[in-house]
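Since we're looking at a predicted model, the values are computed, not measured.
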Amino acid sequence: MLTSEDKDFHVARARAELDAAYRAERSEVATAHLKLSALHMRRAQQLAETGREMEIAWIERCAPLHRARAAVLQDA
């Protein structure tokens with residue numbers, strides 16, 4: 001049986017991967033972290049409960065910013 005701790009784990013991992021993506025100095029590294037973040041967010045969304053749905057939606061709405069960050073690193 002899945003618990004809220006399982007959901008919280010995936011949200012925390014998604015955040016950590018986003019942080020790592022923003023700290024990355026190479027586009028390949030940033031892209032890899034963004035992909036991992038997306039996987040964790042997808043799993044968190046599957047496990048979402050009412051209290052987390054708003055936070056998950058907010059993070060997903062930021063996806064264009066994350067892609068823009070990866071593009072900046074790629075152009076550098």
Side-chain angles (χ1 to χ4, degrees):
M1 177 177 204
L2 297 173
T3 67
S4 65
E5 292 162 359
D6 297 320
K7 297 165 204 156
D8 292 343
F9 168 79
H10 287 288
V11 171
R13 289 303 312 146
R15 287 180 179 164
E17 293 298 340
L18 285 176
D19 288 343
Y22 276 80
R23 289 191 312 271
E25 294 181 12
R26 295 180 32 211
S27 65
E28 304 86 27
V29 176
T31 299
H33 285 294
L34 290 171
K35 287 179 182 179
L36 286 171
S37 177
L39 289 173
H40 282 291
M41 285 310 303
R42 196 170 305 131
R43 185 63 180 142
Q45 190 170 26
Q46 292 170 347
L47 302 171
E49 59 188 19
T50 306
R52 286 288 193 200
E53 288 176 358
M54 198 161 63
E55 181 177 12
I56 291 167
W58 174 80
I59 292 173
E60 287 181 339
R61 284 193 307 271
C62 293
L65 296 173
H66 308 318
R67 285 190 295 273
R69 170 65 176 150
V72 167
L73 289 170
Q74 189 172 6
D75 292 340

When rounded to the nearest 0.5 angstrom, what distance separates CG in Leu18 from CG in Leu65?
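Atom-to-atom, Leu18:CG and Leu65:CG are 10.5 Å apart.
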Before giving the answer on side chain to side chain contact (heavy atoms under 4.5 Å, CB included), spell out for His66 and Cys62 the whole-Å C-alpha distance, their side-chain angles and the decisive distance to 0.1 Å.
CA-CA 7 Å; His66 308 318; Cys62 293; 3.4 Å; yes
Given the rule in the side chain to side chain contact (heavy atoms under 4.5 Å, CB included) test, do Arg26 and Leu73 qualify, once you have shown the distances and angles that lead to the verdict?
CA-CA 6 Å; Arg26 295 180 32 211; Leu73 289 170; over 6 Å; no
Do you see a donor-acceptor pair shorter than 3.5 Å between the side chains of Gln45 and Arg42?
no
Stepwise side chain to side chain contact (heavy atoms under 4.5 Å, CB included) test for Ile59 and Met41:
CA-CA 8 Å; Ile59 292 173; Met41 285 310 303; 4.1 Å; yes
Does Tyr22 offer a backbone N or O that forms a donor-acceptor pair with the side chain of Arg69 under 3.5 Å?
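A pair under 3.5 Å: yes.
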Does Thr31 reach the main-chain N or O of Ser27 with its side chain, forming a donor-acceptor pair under 3.5 Å?
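A pair under 3.5 Å: yes.
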Please step through side chain to side chain contact (heavy atoms under 4.5 Å, CB included) for the pair Asp19 and Arg23, ending with a clear verdict.
CA-CA 6 Å; Asp19 288 343; Arg23 289 191 312 271; 3.3 Å; yes
Contact summary for Ala24 and Ala30, nearest pair of heavy atoms:
CB-N, 3.7 Å
